[in-house]
> 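Below are the structure tokens for one structure; questions will follow.
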Amino acid sequence: MEIDKKLKTLQMFYAGVLADSVLRFQKEGVLEKITAEKRQEQLAGGKARAAQLGIQKAEQVFATLQDIFGCANWKIDHNKGGIEATATTCMLCAFAKKLGTDSPCHIYCLDAMEGLVKGIDPDAEYSVGSTLWSDNECKVTIKTGK
């Protein structure tokens, strides 16, 4: 198997496993609790994780995660004081909807990105305007603190 095909297959399997875990957390009634705990972990470990990944700017968060996981098709627009990142497709969201789970957006994507962003810029304002779970795009706005 060619390396590109192997990588895409692994990315698809990974997204499927994440969607399945959301389904299982939901069935056990612990999804909200685990999402909250994982958010705190992501915020606490964001600086170290950003360093591991070589991320130094907010826009690199989206490009790096897109390269690794191949999940969402992030596009970045720079504006005064920050950036706006928009995705119109997400493999994890699509798999979760097919499984009939609750939203996987925060537990596995948005909170991790917030942790990375705040890890490189603790004063950054990170906000989620919409997600592909309930809208036709995922939109994240980051106003840099520096």
Side-chain angles (χ1 to χ4, degrees), residues 1-55 57-79 82-122 124-144:
M1 182 182 293
E2 294 177 30
I3 192 77
D4 288 343
K5 187 173 182 179
K6 190 180 286 187
L7 177 60
K8 192 62 178 169
T9 300
L10 287 171
Q11 290 170 332
M12 289 176 57
F13 277 117
Y14 182 70
V17 168
L18 294 180
D20 181 66
S21 70
V22 171
L23 177 64
R24 293 173 190 280
F25 294 154
Q26 175 188 337
K27 284 183 178 180
E28 293 298 320
V30 295
L31 180 60
E32 276 187 46
K33 179 182 182 218
I34 292 173
T35 299
E37 289 173 359
K38 286 207 50 78
R39 180 174 188 275
Q40 292 307 310
E41 291 170 12
Q42 297 289 0
L43 291 172
K47 183 175 184 176
R49 182 64 44 90
Q52 284 176 327
L53 296 171
I55 296 172
K57 297 179 183 177
E59 60 265 24
Q60 290 177 298
V61 168
F62 301 92
T64 300
L65 295 181
Q66 182 174 324
D67 284 346
I68 294 169
F69 299 108
C71 195
N73 65 338
W74 292 105
K75 304 290 182 238
I76 305 296
D77 289 317
H78 293 268
N79 55 39
I83 63 168
E84 185 172 87
T86 306
T88 56
T89 64
C90 174
M91 188 178 356
L92 175 56
C93 213
F95 284 176
K97 285 181 179 184
K98 285 180 185 177
L99 284 177
T101 73
D102 281 346
S103 171
C105 301
H106 282 277
I107 190 170
Y108 290 126
C109 185
L110 297 170
D111 293 349
M113 289 190 298
E114 181 180 12
L116 291 168
V117 167
K118 292 198 173 200
I120 57 174
D121 183 358
E125 293 178 29
Y126 177 96
S127 63
V128 178
S130 61
T131 68
L132 281 161
W133 189 255
S134 56
D135 293 304
N136 62 352
E137 65 182 8
C138 190
K139 187 174 284 191
V140 176
T141 302
I142 298 168
K143 293 182 182 175
T144 56

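Reckoned from all heavy atoms, side chains included, excluding hydrogens, waters and symmetry mates.
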> Would you indicate whether Gln52, at its atom CD, is surrounded by more than 12 heavy atoms from other residues, nucleotides or ligands within a distance under 6.0 Å?
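Above 12, so yes.
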> Within the structure provided, determine whether Gln60 and Ile120 are in side-chain contact (heavy-atom separation under 4.5 Å).
no
> Check step by step if salt bridge (charged side-chain N to carboxylate O under 4.0 Å, His left out) holds for Glu37 and Lys33.
CA-CA 6 Å; Glu37 289 173 359; Lys33 179 182 182 218; 3.6 Å; yes
> Taking NZ in Lys57 as the centre, count heavy atoms belonging to other residues, nucleotides or ligands within less than 6.0 Å. Is the count above 12?
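Result for NZ/Lys57: open.
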> How close do Pro104 and Val22 get, heavy atom to heavy atom, and via which atoms?
CB-CG2, 3.8 Å
> Just verifying a value: how many Å separate Thr89 OG1 and Met91 CE, rounded to the nearest 0.5 Å?
8.5 Å
> Write down the atom of Asp102, the atom of Ala96, and the distance for their closest heavy-atom approach.
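Looks like O-CB, 4.4 Å.
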> Okay, side chain of Tyr126, backbone of Leu110: is any donor-acceptor separation there less than 3.5 Å?
yes
> Give the C-alpha distance, both sets of side-chain angles, the deciding distance and a yes or no for side-chain contact (heavy atoms from CB on, under 4.5 Å) between Ile107 and Phe25.
CA-CA 11 Å; Ile107 190 170; Phe25 294 154; 4.0 Å; yes
> Over all heavy atoms of both residues, which pair between Ala19 and Thr101 is shortest? Give the atoms and the distance, please.
O-CG2, 3.6 Å
> When rounded to the nearest 0.5 angstrom, what is the spacing between CD1 in Ile55 and CG in Leu116?
5.0 Å
> Walk me through it: do Val61 and Ile142 pass the test side-chain contact (heavy atoms from CB on, under 4.5 Å)?
CA-CA 11 Å; Val61 168; Ile142 298 168; over 6 Å; no
> Can you tell me how far OG of Ser103 sits from CG of Leu92, rounded to the nearest 0.5 angstrom?
8.5 Å
> Would you indicate whether Lys47, at its atom NZ, is surrounded by more than 12 heavy atoms from other residues, nucleotides or ligands within a distance under 6.0 Å?
no
> Any side-chain heavy-atom pair from Trp133 and Cys90 closer than 4.5 angstrom?
no
> Carefully, step by step, assess Tyr108 and Cys71 under the rule side-chain contact (heavy atoms from CB on, under 4.5 Å).
CA-CA 11 Å; Tyr108 290 126; Cys71 195; over 6 Å; no
> Test salt bridge (charged side-chain N to carboxylate O under 4.0 Å, His left out) on Asp20 and Arg24 and set out the steps.
CA-CA 6 Å; Asp20 181 66; Arg24 293 173 190 280; 2.7 Å; yes
> To the nearest 0.5 Å, what is the distance between CG on Leu10 and CD1 on Ile68?
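Spacing of CG (Leu10) from CD1 (Ile68) equals 13.5 Å.
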> Looking only at heavy atoms, which two atoms of Met12 and Phe95 are closest? And how far apart?
O-CE1, 3.3 Å
> Can a side-chain donor-acceptor contact be found between Arg39 and Gln42 if the only test is distance below 3.5 angstrom?
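Gln42 vs Arg39: no donor-acceptor pair found between side chains.
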> Where do Lys6 and Met1 come nearest, in terms of heavy atoms and distance?
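What the structure gives for the nearest pair is CA-SD, 3.4 Å.
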> Would the distance check show the side chain of Ser130 and the main-chain N or O of Glu137 forming a donor-acceptor pair, the cut-off being under 3.5 Å?
yes
> Drop me the distance from Lys118's NZ to Met113's CE, to the nearest 0.5 angstrom.
13.5 Å
> Assess the side chains of Thr144 and Asp121: does a donor N or O sit below 3.5 Å from an acceptor N or O?
no
> Where the side chain of Asn73 meets the backbone of Thr88, is there a donor-acceptor pair that is under 3.5 Å apart?
yes
> For side-chain contact (heavy atoms from CB on, under 4.5 Å), just list the numbers for His106 and Glu114, CA-CA rounded to whole Å, side-chain angles, deciding distance to a tenth of an Å, and then say yes or no.
CA-CA 10 Å; His106 282 277; Glu114 181 180 12; over 6 Å; no
> In the structure I gave you, are the side-chain heavy atoms of Glu84 and Asn79 within less than 4.5 Å of one another anywhere?
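Yes, at least one pair of side-chain atoms sits under 4.5 Å.
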> Which heavy-atom pair separates Phe62 from Ile83 by the least distance, and what is that distance?
CE1-CD1, 3.9 Å
